[in-house]
Amino acid sequence: MTGDRVHAPAGHQPQPSRWRTVVALGFGHFVDQGEGQAMSTLFPAIRDALGLSYGNLGVIAGIRNILQTLSAPLWGYLADRYSRKWIIVFGTGIWGLWTLFCGLVTDYWQLLAIRAIAGIGLGCLMPPTFSLMGDLFGPLQRGRAMGLLGAIGYSGIVVSVLALGALLRIPDVGWRYGFIALGLASVVSGLVIALFVK
């Protein structure tokens, strides 16, 4: 069950494998950061389509953030006891389908419920990722590895805002395409992590 644990000292794994792992995990972080921008970027179109208020936006964003925060320790607990790689694949790749379902909702309560469920999965990425990075990189390389992970991940914010903003130009359904695209990207990130994280 703990087959992804690294038994050699940090920094003694093959270099290409370690950096592929960073890029793969960074891609998962990229998608998660992009997903974090979805509601605020797409809200003007969602508001018109579902008849929502700015107060509704606050509740939806708040419940997602609360559940993401509360679920992170649980994901960390699971990552200490089971395969960290497969925890990430499940929480990021499979659970990401809830984001796709946001593009299919027809009212406020459906959107609130699905965003709440999606928020639980968003807490899964960082605890096992930090644990893996600590195993793979010694103190002389860990800062560079974390910097690359962060650069890949946070670029998802920029790309997401630009791409989702462009989708707003599609009347009525552009916001739905945005959520569906993010859900599919999350599944792809799970596949990338499954293939390249050793």
Side-chain angles (χ1 to χ4, degrees), residues 1-38 63-101 114-157 159-160 182-198:
M1 294 292 275
T2 56
D4 68 337
R5 294 295 189 261
V6 178
H7 298 290
H12 287 266
Q13 298 304 306
Q15 287 279 357
S17 176
R18 285 189 290 158
W19 291 104
R20 276 196 301 270
T21 294
V22 173
V23 173
L25 292 172
F27 182 59
H29 190 40
F30 175 94
V31 175
D32 274 8
Q33 290 296 316
E35 199 276 345
Q37 305 305 307
I63 195 69
R64 171 195 171 273
N65 292 335
I66 290 168
L67 290 173
Q68 179 179 355
T69 301
L70 293 177
S71 69
L74 173 61
W75 290 111
Y77 174 85
L78 294 173
D80 284 342
R81 282 150 184 80
Y82 303 101
S83 168
R84 294 172 291 188
K85 171 182 174 176
W86 294 108
I87 292 291
I88 297 170
V89 169
F90 174 76
T92 298
I94 299 172
W95 204 286
L97 286 171
W98 287 106
T99 298
L100 182 151
F101 295 144
I114 292 174
R115 287 296 284 174
I117 296 169
I120 296 170
L122 289 171
C124 87
L125 186 62
M126 284 299 109
T129 294
F130 289 158
S131 178
L132 280 169
M133 298 289 277
D135 279 354
L136 291 173
F137 293 93
L140 297 180
Q141 289 187 312
R142 198 171 294 145
R144 277 178 284 163
M146 292 302 297
L148 177 60
L149 178 76
I152 295 170
Y154 291 123
S155 64
I157 296 173
V159 173
S160 175
L182 284 167
L184 293 175
S186 192
V187 173
V188 171
S189 75
L191 292 174
V192 169
I193 290 166
L195 290 171
F196 294 106
V197 172
K198 304 297 182 185

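Owing to the predicted nature of the structure, the values given are computational and were not obtained by experimental measurement.
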Practice problem: Of all the heavy-atom pairs spanning T99 and G183, show the shortest one and how long it is. | Solution: CG2-N, 4.0 Å
Quiz item: Is there a side-chain contact between T92 and S186, using heavy atoms and a 4.5 Å cut-off?
Solution: yes
Exercise. Please report the shortest heavy-atom distance between V197 and A24, naming the atom on each side.
Key: CG2-CB, 4.0 Å
Quiz item: If you round to the nearest 0.5 Å, how far is CG of L97 from CD1 of I114?
Solution: 11.5 Å
Quiz item: Does the side chain of W95 come within less than 4.5 Å of L122's, by heavy atoms?
Solution: no
Practice problem: Would you check if M146 and F130 make a side-chain contact, meaning some heavy-atom pair closer than 4.5 Å? | Solution: yes
Quiz item: Taking the side chain as C-beta and beyond, is there a heavy-atom pair between R84 and I87 under 4.5 Å?
Solution: no
Exercise. Flag the pair I88 / L132 as yes when at least one side-chain heavy-atom distance between them is below 4.5 Å, and no otherwise.
Key: yes
Practice problem: Could you tell me which non-hydrogen atom of G119 sits nearest to which non-hydrogen atom of S71, and how far apart they are? | Solution: O-OG, 4.0 Å
Quiz item: Between V22 and M133, is any pair of side-chain heavy atoms under 4.5 Å apart?
Solution: yes
Quiz item: How many angstroms lie between atom CG of L25 and atom OG of S189, to the nearest 0.5 angstrom?
Solution: 10.0 Å
Self-check item: Aromatic ring pairing H29/Y154, orientation class (parallel under 30°, perpendicular over 60°, tilted between)
Solution: perpendicular
Quiz item: Does the side chain of V23 come within less than 4.5 Å of F196's, by heavy atoms?
Solution: no
Exercise. Calculate, to the nearest 0.5 Å, the distance between atoms CZ and CD1 belonging to F30 and I157 respectively.
Key: 10.5 Å
Quiz item: Taking all atoms of both residues into account, what is the closest heavy-atom pair of P127 and G76, and its distance?
Solution: CB-CA, 3.6 Å
Quiz item: When you look at CH2 of W98, are more than 12 heavy atoms from neighbouring residues, nucleotides or ligands closer to it than 6.0 Å?
Solution: no
